[in-house]
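The chain is numbered in sequence order, starting from 1. Treat the numbers as computed from the prediction; the structure is a model and nothing was measured.
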Amino acid sequence: MIVWEPWVWGDPDAIKLKNILEGEWDYVITRWAAEVKSIEFPVLIAFAPEFNNNDHSWSVGWNDQNPQQFIN
């Protein structure tokens with residue numbers, strides 16, 4: 001299981017959900033996907049857990065109070 005938290009250590013504003021949706025981080029996601037694909041057993045990825053916890057930069061509270069943005 002991989003817990004994938006979209007943030008940069010020490011810079012909570014570095015990655016916003018809006019930027020992920022707009023493709024700004026596609027190169028990272030594509031690279032990760034290729035690596036995970038090479039694993040020969042099931043992999044569970046928990047992406048941006050606890051989205052309702054405003055301590056996390058990917059939370060709904062940090063992203064225009066728009067839960068649909070997280071869902072997308």
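Not counting sequence neighbours, D55 has no partner by the side chain to side chain donor-acceptor pair (under 3.5 Å) test. The side chain to side chain donor-acceptor pair (under 3.5 Å) search around N53 returns none, not counting sequence neighbours. By the side chain to side chain donor-acceptor pair (under 3.5 Å) test, S57 is found to be paired with no residue, residues two or more places apart in sequence or in another chain being considered.
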Less than 3.5 Å apart, which donor and acceptor atoms pair up between the side chains of residues 16-25 and the rest of the protein, not counting sequence neighbours?
residue : atom : partner : partner atom : Å
K16     : NZ   : D13     : OD1          : 3.4
N19     : OD1  : K16     : N            : 3.4
N19     : ND2  : E24     : OE1          : 3.2

Donor-acceptor contacts under 3.5 Å from residues 32-52 side chains, at least two apart:
residue : atom : partner : partner atom : Å
S38     : OG   : E35     : O            : 2.6
E50     : OE1  : H56     : NE2          : 3.1

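Hydrophobic clustering of Ile, Leu, Val, Met, Phe, Trp and Tyr side chains at less than 4.5 Å, counting indirect connections, keeps V3 apart from W9. I71 and I15 fall into different hydrophobic clusters, where Ile, Leu, Val, Met, Phe, Trp and Tyr are joined by side-chain heavy atoms under 4.5 Å apart, directly or via other members.
Nearest approach of W7 to G10, heavy atoms of both residues: CZ3-N, 4.1 Å.
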